[in-house]
Amino acid sequence: MNELRMYVEHLFEGKVLTPENIELKEEIYGNLVARYEDLVAEGVSEEEALERTKQSMSSLDEIDEDVASDDPSAISSVVAQAEGATQVDGVAQAEESVRPDETLVGGTKVMPVSNFEISGEQIAPDSQPEKTLDIGNVLKYGLIAFAIIVLLGICAKLMLGCVDEAVEHGEDQASVVQVDPSSSPQGSSNQQGADADAADNAITVDENGRVWMEGEPGDELLAAVVGATYSDATPYVDTKLEDAATVETLLHTLPLGDLATDIDVTKGSGVLSLAYREVPEAYDGDSVDVALTYNVAVLFSTMPLVNEIQVTVAEQGEPMDESYYVFTRDDVQSAYGVMLSREMVNESGWRQIKDDHLYARKFAERLVEKAEREWQ
């Protein structure tokens with residue numbers, strides 16, 4: 001259901017991908033797919049079923065703010081309500097017993113005759129029916145209370161996890177800094193390297209445009225990544241996976257592009273496969289990680305129907321020693337903290353991709369490690 005997947009991605013454009021929003025997005029997608037399949041099963045044509053499914057969730061504004069932020073599981077009821085569904089409370093209210101009304105005899109209030117004996121002796125009024133405990137209601141409200149407690153526990157755990165991750169990310173991520181060579185003795189490149197190292201292992205660019213990695217001069221591949229701009233990707237916005245020729249041209253414009261081979265657009269729906277073979281030994285492993293991390297961000301931003309990119313990497317002279325990676329759209333978007341779409345292909349979007357994330361210490365290394373798989 002690539003079209004429904006892209007429709008949901010569009011709904012979340014501009015949203016920050018917190019763990020809660022990622023869970024909400026998947027919940028919306030699952031419910032829309034189920035709605036689509038129900039309509040098709042009822043005999044509705046695929047085109048009409050798709051259109052009616054989209055109309056049932058035209059924007060995130062239809063979702064109550066509390067539901068969208070705290071309870072993604074409630075989204076199914078929102079989708080149902082958009083189609084005109086209603087929910088009925090099936091719990092009947094217990095009727096209260098009513099005592100017989102008092103009557104007036106000659107202006108005087110008297111109790112019904114049944115409450116007295118003929119002899120005139122008053123007998124005890126009929127006892128009220130003993131109220132019984134409604135076991136069904138007890139179970140119902142007990143389950144509701146239990147569900148609320150569990151939900152609160154999950155929310156608390158997610159919040160604590162986000163705090164821990166933010167603290168760790170704050171400790172590890174360093175800002176990109178500009179190195180001013182005038183602060184060091186003229187011609188002292190070693191001093192520049194020391195200044196770059198002070199940036200906590202971030203990729204830096206000095207005043208002369210020279211690229212540094214962890215205090216050491218960057219190689220040709222790293223310089224290619226730093227020099228790449230959004231204008232390189234602009235002509236390829238909205239490239240379709242089946243357009244193999246355009247996909248190949250796009251790949252060749254990216255860093256490592258001259259090594260791109262085995263490009264395959266037939267692996268499956270939304271899957272792009274390629275290989276970078278004969279990677280020169282002169283390319284540092286960290287530079288290769290940075291290039292891979294940059295390339296997948298560009299591909300996801302320009303190819304909206306691609307949800308998975310499979311990459312094989314082999315060094316020069318070692319054809320049998322291959323590394324295999326699977327980058328999913330959700331993982332890459334979560335790492336960058338934005339929806340990767342055509343809206344990112346501009347100066348501000350590229351600054352966010354590169355300056356705010358790609359240049360940070362260990363960013364590329366962590367994303368590549370997460371994508372690494374055993375060779376299939």
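Residue numbers count from 1 along this sequence. Below, each value reflects all heavy atoms present in this structure, side chains not excepted, and no hydrogens, waters or symmetry copies.
V298 and V271 are not part of a single hydrophobic cluster, where members link through side-chain heavy atoms under 4.5 Å apart.
Side-chain atoms of S287 and D219 include a donor-acceptor pair closer than 3.5 Å. A donor-acceptor pair shorter than 3.5 Å can be found between the side chains of D264 and T266. A side-chain donor-acceptor contact under 3.5 Å links D243 and T246. No side-chain N or O of S334 forms a donor-acceptor pair with one of D331 less than 3.5 Å apart.
A heavy-atom distance below 4.5 Å is found between the side chains of Y283 and E220.
More than 12 heavy atoms of other residues, nucleotides or ligands shown are found within 6.0 angstrom of CD on E372. Heavy-atom neighbours of H252 NE2 from other residues, nucleotides or ligands within 6.0 Å: above the threshold of 12.
Every residue two or more places apart in sequence or in another chain that forms a side-chain contact (heavy atoms from CB on, under 4.5 Å) with D321 is listed here: E318.
Not one N or O on the side chain of D262 forms a donor-acceptor pair closer than 3.5 Å with the backbone of S273. Counting only distance, with no hydrogens or angles, the side chain of Y336 and the backbone of H357 share no donor-acceptor pair below 3.5 Å.
Interatomic distance, CG of D284 versus CD of E214, reported as 8.0 Å (0.5 Å rounding).
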